Protein chains: 2
Amino acid sequence: MGALEHNPPLQARQARQLLRAMADPLRLQVIEALGGGERCVCDLTGELGLAQSKLSFHLKVLREAGLIEAREQGRWIYYRLRSEALQDLQHWLAGLADRCDQPARGCN
Amino acid sequence: MGALEHNPPLQARQARQLLRAMADPLRLQVIEALGGGERCVCDLTGELGLAQSKLSFHLKVLREAGLIEAREQGRWIYYRLRSEALQDLQHWLAGLADRCDQPARGCN
DNA sequence: AAATTAGATCAACAAGAGTTGATTCATCAA
DNA sequence: TTGATGAATCAACTCTTGTTGATCTAATTT
């Protein structure tokens, strides 16, 4: 067990939630934006040109998938990307790719 | 340019299509099954206990995402997993994770 | 040629996801 | 305390996905 890999492996269910959350152009934009650093919602709406309730909806999807995290401060809510989530997904994908690399069985 | 990485990087659109295709429990089952080697559709319906038209629908989604490939032989159609697709997605994800690892900018 | 069989496709429906505008709640400024 | 602002939530609606059973086509067997 390497010192850099302390997270328990993703369950298929969580992996699917992450995949689904990321499979949307708008949400990917949000991810990329937050990749550049924490943002408050009002900045995001401006940056991405979205209606407030629309953004809120997508933030919820990302939040529930564990991809982002909210922190409230005063009147604002700041969101940041949970890069652990991306890592977990990477590991899960690697595991899947491994599993699927087995020698072909014949078709019976 | 490494000798092992000859595929052009995925476009965001293709990546999203892969993510979406994989974000479904049934389709993941198909992927895992094909990971064990090529199968014909009739074997898959048996193995997964699915109605023929239902499986056909999901195979189409996977096919259009580039995750699987069909080969017809006589009366049967054999599907195999395109492991390149999994690799491409891994690289794309790694790229995203990298891009999102930049030092936090402040919230203006 | 007629009967089977594998698998795609289609039409009708059911379920789920995304959008929009209105409402609500909390915090901050006057 | 009143007024304004940030952000979540809700209800109504639309759009997209998924399901089911039926039909269709091509290859195969008899």
Side-chain angles (χ1 to χ4, degrees), chain A residues 12-31 33-34 37-81 106-108, chain B residues 12-31 33-34 37-81 106-108:
Chain A
R13 181 154 195 311
Q14 308 172 281
R16 284 199 321 259
Q17 223 182 338
L18 284 173
L19 292 167
R20 194 191 149 267
M22 298 180 65
D24 177 278
L26 219 145
R27 290 194 289 260
L28 264 186
Q29 276 185 243
V30 172
I31 290 172
L34 293 182
E38 201 180 49
R39 293 275 190 294
C40 64
V41 178
C42 55
D43 280 351
L44 279 175
T45 56
E47 211 165 310
L48 306 178
L50 296 174
Q52 185 267 318
S53 81
K54 187 171 179 175
L55 177 58
S56 199
F57 169 80
H58 290 287
L59 286 174
K60 186 177 188 180
V61 174
L62 290 168
R63 198 171 356 106
E64 290 178 342
L67 259 167
I68 63 177
E69 213 168 40
R71 166 178 80 84
E72 51 189 299
Q73 174 169 312
R75 226 202 288 221
W76 298 276
I77 298 193
Y78 290 84
Y79 277 96
R80 71 167 195 85
L81 189 62
C107 182
N108 21 30
Chain B
R13 183 154 194 311
Q14 307 172 283
R16 283 197 324 256
Q17 222 182 338
L18 284 173
L19 292 167
R20 191 190 153 269
M22 298 178 66
D24 176 280
L26 220 146
R27 290 193 290 258
L28 264 186
Q29 277 185 242
V30 172
I31 291 172
L34 293 182
E38 203 180 48
R39 294 275 191 294
C40 64
V41 178
C42 55
D43 281 350
L44 279 175
T45 56
E47 210 167 309
L48 306 178
L50 295 174
Q52 185 268 319
S53 81
K54 187 171 181 177
L55 177 58
S56 199
F57 169 80
H58 290 287
L59 286 173
K60 186 178 188 180
V61 174
L62 290 168
R63 196 172 356 106
E64 289 178 343
L67 259 167
I68 64 176
E69 214 168 39
R71 165 177 82 83
E72 48 189 300
Q73 173 169 313
R75 224 204 291 222
W76 296 277
I77 298 194
Y78 290 83
Y79 276 96
R80 72 168 194 84
L81 188 62
C107 181
N108 21 29

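For clarity, every value in this text was computed on a predicted model and none was experimentally measured. Letters A, B, ... mirror the listed sequences (proteins, then strands); counts begin at 1.
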| Hey, mind stepping through B/Leu59 and B/Leu44 against side-chain contact (heavy atoms from CB on, under 4.5 Å) and telling me if it holds? | CA-CA 10 Å; B/Leu59 286 173; B/Leu44 279 175; 4.3 Å; yes
| request: Output yes when a side-chain donor or acceptor of A/Arg39 lies under 3.5 Å from a complementary backbone atom of A/Gly37, and no otherwise. | output: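 A pair under 3.5 Å: yes.
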Tell me: [atom1] of [X] to [atom2] of [N], nearest whole Å?
{"X": "A/Arg75", "N": "D/dA4", "atom1": "CZ", "atom2": "P", "answer": "12 Å"}
{"X": "A/Lys60", "N": "D/dG6", "atom1": "NZ", "atom2": "P", "answer": "22 Å"}
{"X": "B/Leu55", "N": "D/dG21", "atom1": "CG", "atom2": "P", "answer": "16 Å"}
{"X": "A/Leu26", "N": "C/dT20", "atom1": "CG", "atom2": "P", "answer": "10 Å"}
{"X": "B/Leu62", "N": "C/dG7", "atom1": "CG", "atom2": "P", "answer": "16 Å"}
{"X": "B/Leu44", "N": "C/dG7", "atom1": "CG", "atom2": "C1'", "answer": "12 Å"}
{"X": "A/Phe57", "N": "D/dC15", "atom1": "CZ", "atom2": "C1'", "answer": "12 Å"}
{"X": "B/Glu72", "N": "D/dA26", "atom1": "CD", "atom2": "P", "answer": "11 Å"}

Out of [options], which nucleotide sits closest to the side chain of [X]?
{"X": "B/Cys40", "options": "C/dT20, C/dG7, C/dT19", "value": "C/dG7"}
{"X": "A/Ile77", "options": "D/dA8, C/dT19, C/dT20", "value": "D/dA8"}
{"X": "B/Asp24", "options": "D/dA8, C/dT9, D/dG18", "value": "D/dG18"}
{"X": "A/Trp76", "options": "D/dA7, C/dC28, C/dT9", "value": "D/dA7"}
{"X": "B/Arg27", "options": "C/dT9, D/dG18, C/dT20", "value": "D/dG18"}

So, is [X] near the phosphate of [N], with a side-chain N or O under 4.0 Å from OP1 or OP2?
{"X": "A/Tyr79", "N": "D/dG6", "value": "no"}
{"X": "A/Ser56", "N": "D/dA8", "value": "yes"}
{"X": "B/Lys54", "N": "D/dT20", "value": "yes"}
{"X": "A/His58", "N": "C/dA17", "value": "no"}

| query | When you look at A/Val30 and A/Leu55, which way does the side-chain contact (heavy atoms from CB on, under 4.5 Å) test go after all the steps? | reply | CA-CA 9 Å; A/Val30 172; A/Leu55 177 58; 4.0 Å; yes
| query | Taking for each residue the nucleotide of DNA chain C bearing the nearest heavy atom, is the 5' side occupied by B/Leu59 or by A/Ser53? | reply |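 Nearer the 5' end of the strand: B/Leu59.
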| message | Tell me if the side-chain of A/Gln52 makes a donor-acceptor pair with the base of D/dA8, cut-off 3.5 Å, by modelled atom types. | response |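 It does, because a donor-acceptor pair links the side chain of A/Gln52 to the base of D/dA8 below 3.5 Å.
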| query | So do A/Leu26 and A/Lys54 actually touch side chain to side chain, heavy atoms under 4.5 Å? | reply |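 A side-chain contact under 4.5 Å exists here.
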| query | With side chains defined as the heavy atoms from C-beta onward, is the minimum distance between B/Glu64 and B/Gln17 less than 4.5 Å? | reply |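 Result yes, sub-4.5 Å side-chain heavy-atom pair found.
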| query | Base, sugar-phosphate, or nothing: which does B/Arg20 touch, judged by heavy atoms less than 4.0 Å apart? | reply |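 Sugar-phosphate: the residue B/Arg20, judged by heavy atoms under 4.0 Å, touches backbone atoms but no base.
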